[in-house]
Structure formats: structure tokens, C-alpha cells
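Scroll down for the structure; my scribbles are underneath it.
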Amino acid sequence: MDDRIWEAGWNRAQKLLKKGRVKTLYLASDADEAFAATVCAVARAAGISPDQTKTGDRLAEMAGVEVFTAVLTEVKKDQ
């Protein structure tokens, strides 16, 4: 996909949220409801509103992996 930096997975997303490095946080529209509620709560506490417009299959495609991806993070580039 262009020169954007992508990180797949919730554990990685949490670390990036804590460091203030999240440009966009994608949460699969078809993710488990309880998991999605947790992701939304943590993301919003960090000042990020997750984008829930894509499915897990689409996020996997964006990440370049072949498994369902519930969370995909676009990382802010170093200034």
C-alpha cells in the first residue's frame, strides 16, 4: 500500500496508544462485541476514536496478512 506504516494486533495498538503514536486506529466492524467495547474504551481514553468502517478481512488485506485482523493501526511517522 504506499509508504504508510501499519501494525496489526491489539497488543501492538495498546503500546502505540500509550506512546501517542497512533494516527488511525481501525477496529473491524465484525469484531466480537465485548472485544470491540474494550478497544473503544481504551482508544477513547487515549483521545482516539476507532474507525469501524472496514471488516476484519479488509483489515487483514491492508496489513498484508492472511488471517482475520480485528485491530490495525496506522502509525504516526517520526517528525
Item checked: Side-chain donor or acceptor of D30 paired with backbone N/O of T55 under 3.5 Å -> no
Between the NZ atom in K76 and the CZ atom in R21, the distance rounded to the nearest 0.5 Å is 8.5 Å
Requested in this report: Flag yes if I5 and V22 sit in one hydrophobic cluster, no otherwise; membership is Ile, Leu, Val, Met, Phe, Trp, Tyr, and two members link when side-chain heavy atoms are under 4.5 Å apart.
Outcome: yes
Hey, are the side chains of E7 and E74 touching, using non-hydrogen atoms and a 4.5 Å cut-off? no
Mutual orientation of the aromatic rings belonging to F35 and W10 [parallel < 30°, tilted 30-60°, perpendicular > 60°]:
perpendicular
Side-chain contact test, heavy atoms from C-beta onward, threshold under 4.5 Å: evaluate it for R58 versus Y26 and give yes or no.
-> no
| query | Under 4.5 Å between any side-chain heavy atoms of T73 and T24, yes or no? | reply | no
Hey, does L25 have a side-chain heavy atom less than 4.5 Å from the side chain of V39? yes
Practice prompt. Evaluate the side-chain proximity of F68 to L59: yes if any heavy-atom separation is below 4.5 Å, no if none is.
Written response: no
Here the pair of heavy atoms bringing P50 nearest to L27 is CB-CB, 4.1 Å
- Can you check whether D3 reaches K77 side chain to side chain, under 4.5 Å on heavy atoms? yes
Next on the checklist: I'd like to know if the side chain of T69 and the backbone of V67 have a donor-acceptor N/O pair within less than 3.5 Å.
Outcome noted: yes
So the side-chain hydrogen bond (donor to acceptor under 3.5 Å, both in side chains) pairs with at least one residue in residues 38-52 (sequence neighbours excluded) are D51-T53
Exercise for the section: Determine whether K23 and V75 make a side-chain contact, defined as any pair of heavy atoms from C-beta on separated by less than 4.5 Å. Expected result: no
